[in-house]
Enquirer: 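Just passing along the structure, written as structure tokens.
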Amino acid sequence: MDQSLKEPPLSALDDAFHAMVELSRGAPPPALPARLSRLKRLRAVLADNEQRFTQAISADFGHRCAIETTIAETLFLQGELRHAIKMLPRWMKTRWISTALQFWPAANRLMPQPLGVVGIIAPWNYPLQLTLAPALGAIAAGNRVMIKPSELTPCFSALLKELIAANFEPTELFVTGIEEGVAEAFARLPFDHLVFTGSTRVGRIVAEAAGKNLTPVTLELGGKSPTIIDASADLDEATQRIAYAKLLNAGQTCIAPDYVFVPEARLAECADKIHRHMLTMFGTDPQNPDYTAIISDRHYQRLEALAEDAATKGARLLRPPNADDPGWRQQRKFPPTIVAGATPEMAIMQEEIFGPLLPIMAYRDPKDVIAYINAHDRPLALYWFGTDDAARDEVLARTVSGGVTINDCLLHFAQINQPMGGVGASGTGCYHGEWGFNSFSKLKPVFYRSPLNRMADLYPPYGAKIARLEKLLRWLS
Ligand code: NAD
């Protein structure tokens, strides 16, 4: 055993993990009533403590718009829970699979089984949703689950730990502390599956640690999600939707539109329209409770540096008229900023922004847009606005991304029957709804041989009988 795991809090982590492993191997898999009981307890924890969660998250952010917590975290989770509770009996059923003629008479079945112990490492930006959405999928699939929340949300993380400990056996669902060293030790545990949501940089470290144990991973990572405004788009409509999606949670959303491509002739008009929509929606008062704060001073300074670098390199910044008011900084609210005329050399086009800064790049030929996207990491999301179906289908066919919303942003994420996940540098694997159940299950193929099956006819000595059967086998294959 790793020496450091003998010291608290790492010893608590190690004990909780081994107790789960023991039961996952030694006891029968949880049947439907046990899984439903866990999902319903999770639903009650959410429903009974909504206010406390909202306040804790807001305290962690400095200020988090309460309605955004409701929409993007609580309601989303309640929807996922309701769906899982309703569909679980069907998801758990052994599935019938057809059998190729040459194996008749026989039967094929696909049997979903819990993997065992699933670990979840979560980020800070939607701390409730990104801990509990994978957890409920893993619980539905019959696993025992350990969650490691983010160090950047200490109030939320302590509350989640307290409420889960009060409502679950530690061998059902366990929330770790966020003390120094826990994250690294957690990633080193030989889980049956590990879900990591966070940055691509840390995702690489976690995947490497998991790889040492051959632990399969779901990596929900970040990156730069492009938004394309086609020449055929209604600019008013597109810019309003982009402005909203960019400022939700002050841009601290993994699938936020990271940057915009617009036809060159409409660059100035597009920048002005997004800027105006942002001001209409969120105003200019840093105290506006609808507008969420930046999670930390470090992140705030990083955003300031990105804006400054873009301005130095020739971009035009559109900011609220009172952007220099010290109230913004005091509240840790970042003035929504459009970076018109961004170019690939600017730092803002080289890293995920994760804040209310929106670079807009001009294009002449839509083929250049596709070439630009394909020359960079596969994005987590892609957005396209317009009415030209051929242009839309060209982008859909020629680019690969985690998901796409056409004529709006973010909404593909909220579709309960669609998988959520990235591709390449934006992630691997997926969950949500039945996709989560399947990701956290072993879908075990089982072949049932019938007593009437004539497989023995193929056994040696082959001789003349096989020559007769060979023709039939070739035909059946
Ligand atoms: P982060 O990568 O800094 O941290 C994520 C988690 O990893 C935290 O819990 C942290 O404690 C843990 N961690 C850090 N170092 C570790 C290590 N060495 N070993 C094991 N765990 C370690 O990310 P963040 O700043 O919390 O979140 C922002 C990022 O998350 C953005 O890149 C965003 O795009 C991404 N994100 C992705 C999704 C998605 O669904 N794809 C959702 C939300 C956020």
Side-chain angles (χ1 to χ4, degrees), residues 4 10 13 57 60-61 72-73 76 80 119-134 137 146-154 156-157 160-161 175-189 191 194-213 215 217-225 248-258 294-296 298-300 302-303 351-355 377-381 401-403 410 412-414 418-432 435-436 439:
S4 61
L10 301 191
L13 176 68
I57 294 171
D60 287 329
F61 273 75
E73 309 223 50
F76 175 85
E80 280 267 332
I120 294 168
I121 301 180
W124 53 265
N125 63 326
Y126 291 96
L128 183 59
Q129 190 214 117
L130 296 170
T131 44
L132 295 191
M146 288 178 81
I147 296 174
K148 207 296 287 168
S150 169
E151 299 76 23
L152 287 183
T153 51
F156 163 79
S157 301
L160 185 70
K161 188 171 162 58
V175 179
T176 72
I178 52 170
E179 297 85 351
E180 206 184 326
V182 171
E184 292 78 3
F186 193 90
R188 284 196 300 269
L189 291 173
F191 287 107
L194 183 57
V195 185
F196 170 82
T197 307
S199 62
T200 302
R201 184 187 68 80
V202 177
R204 282 202 172 89
I205 299 171
V206 169
E208 210 175 309
K212 293 207 168 105
N213 300 314
T215 292
V217 287
T218 299
L219 299 175
E220 299 282 342
L221 310 177
K224 295 184 80 64
S225 297
L248 177 79
N249 204 29
Q252 301 164 112
T253 303
C254 57
I255 51 167
D258 188 274
I294 302 301
I295 188 74
S296 72
R298 185 173 65 81
H299 284 79
Y300 198 98
R302 185 181 60 79
L303 294 170
E351 62 179 83
E352 180 181 11
I353 298 167
F354 226 55
D377 284 344
R378 304 279 201 216
L380 182 59
S401 59
L410 314 177
H412 64 280
F413 177 90
Q418 290 268 44
M420 167 63 195
V423 53
S426 61
T428 181
C430 63
Y431 69 112
H432 284 186
W435 297 92
S439 290

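In this text the structure is predicted, and so the values were computed from the model without any measurement. Atoms within each ligand, like the ligands themselves, are counted from 1 in listed order.
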Enquirer: Under 3.5 Å, side chain of Lys148 to main-chain N/O of Ile120, donor-acceptor pair present?
Expert: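 No, Lys148 side chain to Ile120 backbone: no donor-acceptor pair under 3.5 Å.
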Enquirer: Just jot down the ring-ring contact (aromatic ring centres under 6.0 Å, His included) partners of Tyr300, sequence neighbours excluded, or say none.
Expert: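 By the ring-ring contact (aromatic ring centres under 6.0 Å, His included) rule, Tyr300 matches Phe334.
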Enquirer: Using the side chain to side chain donor-acceptor pair (under 3.5 Å) criterion, which residues pair with Thr218? Sequence neighbours excluded.
Expert: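 His193.
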Enquirer: Could you pull out the closest heavy-atom pair between Met420 and Ile255, with the gap in Å?
Expert: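 For Met420 versus Ile255, the nearest heavy atoms are CE-CG2, 4.1 Å.
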Enquirer: How would you list all residue pairs meeting side-chain hydrogen bond (donor to acceptor under 3.5 Å, both in side chains) that involve residues 120-134, not counting sequence neighbours?
Expert: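 Residue pairs with at least one partner in residues 120-134: Tyr126-Thr253.
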Enquirer: Would you confirm whether Ser439, through its side chain, and Tyr431, through its main-chain N or O, come within 3.5 Å as a donor-acceptor pair?
Expert: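 The answer is no, because no donor-acceptor pair under 3.5 Å joins these two groups.
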Enquirer: When you look for protein heavy atoms under 4.0 Å from ligand 1, which residues do they belong to?
Expert: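 For ligand 1, the residues that come within the 4.0 Å heavy-atom cutoff are Ile121, Ala122, Pro123, Trp124, Asn125, Leu130, Lys148, Pro149, Ser150, Glu151, Ala183, Glu184, Ala187, Phe196, Thr197, Gly198, Ser199, Val202, Ile205, Val206, Glu220, Leu221, Gly222, Cys254, Glu352, Phe354, Leu380, Met420.
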